[in-house]
Student: 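Shown below is the structure under consideration.
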Amino acid sequence: MNFNFKDFKMLLVNQIRENYSGVLTGLQKRNFPHVETVLKTVIDLDDLRKHYQFQKDDFKAEGNSISREIGQLMKEGKKEVSDVIKVRSADIKERIKRYEEYNIKAEADLKALLYTIPNVPHISVPAGKTADDNEVVLENGVIPTLHADKLPHWDLIKKYDIIDFDLGVKITGAGFPVYKGKGARLQRALINFFLDEALAQGYYEIQPPILVNEDSGYGTGQLPDKEGQMYFADADKLYLIPTGEVPITNIYRDVILSESDLPIKNVGHSPCFRREAGSWGAHVRGLNRLHQFDKVEIVQITHPDKSYETLESMSSYVQGLLQKLELPYRVLRLCGGDMGFTSALTYDMEVFSAGQERWLEVSSVSNFETYQSNRLKLRFRGEDKKIQLAHSLNGSALALPRIVAAILENNQTPDGINMPKVLHRYLGFDMIS
RNA sequence: AGAGGAAUGGCAGAGCGGUCGAAUGCGGCGGUCUUGAAAACCGUUGUACCGUGAGGUACCGGGGGUUCGAAUCCCUCUUCCUCUACCA
């Protein structure tokens, strides 16, 4: 690692100390096991760490003073005296070394434990264990009534020869489809549409690297422990990004912004790679779950007072896209058990895909509060000159494959598949037939 | 990929074994002067941890070593520059 995580502010510890009951009930909402034991251990380890640091610093101060003394004596030519003092220095060095080791150990233990603690959910997050406990915030749009011989998208793409899974298997493996002809053009049209919409809303366009180093993985919270989800290029120790969030948010790792820079609004298109180990089954046919897919991601860095307001605006923005694409959707507030590790509050947007008669998640919009910025050391200098952690947020706007699936399924007719009006000028055609 | 050079505070750039957290310039902030502005002048200007405080400790790309003492010496990794080779 090049980035120095050693001195990252132990914000979590302070949060736990200052708001013990809040953190406790929050983590309980996530069904985080052995909460009380873990929190108590955190505080104990932190106390231990402080104790050792105090001892270590004390001995170091003494060592420094001896060195200064020797320097002075050497200058005066009193070599014999300095030789005597050097003996004392050797003893101090021994102590420094010992307490330094204790301190490093305590800090490493503490950090390892802190890395296992997920973000504390926002007060509005419902308790719950699984996706069934998510709260439906709203539903919008008309669910189309299709003819009896409607098809799911995995049949439609074969019928019109626009996306080829078998070819992907030949070239790479399962979950790496080849988009062809109007399928490829639909994909490209959607990417351009999403980017243009974001630009119109004041977002700044980024094209990030799609391989990232270990530091970046830690910064946004994919590491440690989620290695299994990411492809890893062993020869160079680089991870293929599971989402554009990783590189786009890591732009601000170890950065002190000024308050006037906020809010930062970035948008970027990137392919995303997910190993999805062990998550295959009948319900993930076709485009529903892939190893490689495209996504346009929006990321914001905001003042802590503004992040929830921003979350709502990002949610509305994503809903606006779905409305323009004429897709029926609903918005879920995720329950504690279904939320991502790093999030404080997450809205999922799901579209109804009428061919398979299922809701498909197409976007996830989250506020991470200071969880990521603490790891990233992403701070800003306020009007009052004080430095504090910023809040980070992101959302898919949008993930391509399921949008494609829903467009194909919902707009199918016996004569072909109608394209949403808003895409016509991007596509250069209005129907796939 | 081979050969050589380099990495210092927001930027530029000194320092190459002892009081250096670091000269100097620019920039930033505060002030004097001015009707206002510019110029000039004066002051100030990194981050984190420990400590109620005084204060202490750490950081000169990352890690390790030599030494009583390292920005300075050694090893190693990373990155950048120049030349050569190769290549979208």
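Letters A, B, ... mirror the listed sequences (proteins, then strands); counts begin at 1. Since the model is a prediction, treat every value here as computed from it, not as a measurement.
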Student: Closer than 4.0 angstrom, basic N to acidic O: yes or no for A:D166 and A:K170?
Tutor: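 Between A:K170 and A:D166 there is no salt bridge, as every charged N stays at least 4.0 Å from the carboxylate O atoms.
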Student: With a 3.5 Å distance limit and no angle check, can you tell me whether A:E259 reaches the backbone of A:E383 through a side-chain donor-acceptor pair?
Tutor: yes
Student: From CZ of A:R68 over to C1' of B:rU57, roughly how many Å is that when rounded to an integer?
Tutor: 12 Å
Student: So does A:D294 pair up with A:R188, basic N to acidic O under 4.0 Å?
Tutor: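 Here A:D294 does not pair with A:R188 in a salt bridge, since their nearest N and O are not under 4.0 Å apart.
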Student: Let me know, please, whether A:R381 or A:S65 comes out on the 5' side of the other along RNA chain B by nearest nucleotide.
Tutor: A:R381
Student: Whole Å only: how far is the CD1 atom of A:I70 from the C1' atom of B:rA70?
Tutor: 15 Å
Student: Check this for me, if you would: do A:E100 and A:K60 make a salt bridge, where the nitrogen-to-carboxylate-oxygen distance has to be below 4.0 angstrom?
Tutor: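 A:K60 and A:E100: salt-bridged.
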Student: A:M74 has an atom CE; how far is it from atom P of B:rC68, in whole Å?
Tutor: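 To the nearest whole Å, that distance equals 10 Å.
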Student: Rounded to whole Å, how long is the line connecting atom NZ of A:K386 with atom P of B:rC29?
Tutor: 21 Å
Student: Which whole number of Å gives the distance between the P atom of B:rG27 and that of B:rC33?
Tutor: 22 Å
Student: Distance-only, no hydrogens or angles: does the A:T249 side chain make a donor-acceptor pair with backbone N or O of A:V246 under 3.5 Å?
Tutor: no
Student: Roughly how many Å is it from CG in A:D215 to P in B:rG63, rounded to a whole number?
Tutor: 12 Å
Student: Considering only the P atoms, how many Å lie between B:rC74 and B:rG4, rounded to the nearest integer?
Tutor: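 It works out to 16 Å between them.
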Student: Can you tell me, in whole Å, how much space there is between the P of B:rA14 and that of B:rU24?
Tutor: 15 Å
Student: Could you tell me how far B:rG46 sits from B:rG64 if I compare only their C1' atoms? Round to whole Å.
Tutor: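 To the nearest whole Å, 26 Å.
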Student: Would you mind telling me which of B:rU47, B:rC68, B:rA58 lies closest to the side-chain atoms of A:S67?
Tutor: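 In terms of side-chain proximity for A:S67, the closest of B:rU47, B:rC68, B:rA58 is B:rC68.
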Student: Between B:rA22 and B:rC60, how many Å separate the two C1' atoms, rounded to a whole number?
Tutor: 8 Å
Student: With rounding to whole Å, what would you report as the distance between B:rC26 and B:rA39 at their P atoms?
Tutor: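 About 11 Å, rounded to a whole number of Å.
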Student: Of all of residues 50-63 of chain A, which get a heavy atom below 4.0 angstrom from RNA chain B, listed by number?
Tutor: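 Contacting residues: A:K50, A:Q53, A:F54, A:D57, A:K60, A:A61.
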Student: Salt bridge between A:D109 and A:K105, side-chain N to carboxylate O under 4.0 Å?
Tutor: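 Looking at A:D109 and A:K105, the cut-off is met.
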Student: Is RNA chain B part of any stem, that is, at least 3 consecutive Watson-Crick or G-U pairs with both distances under 3.5 Å, and where?
Tutor: B:1-7 with B:78-84, B:10-12 with B:24-26, B:27-32 with B:40-45, B:46-50 with B:55-59, B:61-65 with B:73-77
Student: B:rG63 and B:rA70: how far apart are their C1' atoms, nearest whole angstrom?
Tutor: 16 Å
Student: Which residues pass the side-chain contact (heavy atoms from CB on, under 4.5 Å) test with A:E36, not counting sequence neighbours?
Tutor: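 With neighbours one apart ignored, the set is A:Y20, A:L24.
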Student: Could you tell me how far apart A:N213 (CG) and B:rC77 (P) are, to the nearest whole angstrom?
Tutor: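 Rounded to the whole Å, the gap is 18 Å.
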Student: Please report the distance, rounded to the nearest Å, between CG in A:D236 and C1' in B:rC77.
Tutor: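 About 14 Å, once rounded to whole Å.
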Student: Walk me through it: do A:Y231 and A:Y239 pass the test ring pair (Phe, Tyr, Trp, His ring centres under 6.0 Å)?
Tutor: CA-CA 6 Å; A:Y231 288 96; A:Y239 295 87; over 10 Å; no
Student: In terms of the nearest nucleotide of RNA chain B, which residue is placed more toward the 5' end: A:R379 or A:K93?
Tutor: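 The 5'-side residue here is A:R379.
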Student: To the nearest Å, how far apart are A:I92 CD1 and B:rG56 C1'?
Tutor: 15 Å
Student: Less than 4.0 angstrom between a side-chain N/O of A:N64 and OP1 or OP2 of B:rG69, yes or no?
Tutor: no
Student: Pick the P atom in B:rC86 and in B:rG13, then give their distance to the nearest Å.
Tutor: 34 Å
Student: Of the options A:K158, A:E409, A:R402, A:Q412, which is the one that meets A:H153 in a side chain to side chain donor-acceptor pair (under 3.5 Å)?
Tutor: A:E409
Student: Could you go step by step and tell me if A:L262 and A:H303 meet the side-chain contact (heavy atoms from CB on, under 4.5 Å) rule?
Tutor: CA-CA 7 Å; A:L262 304 176; A:H303 189 285; 4.3 Å; yes
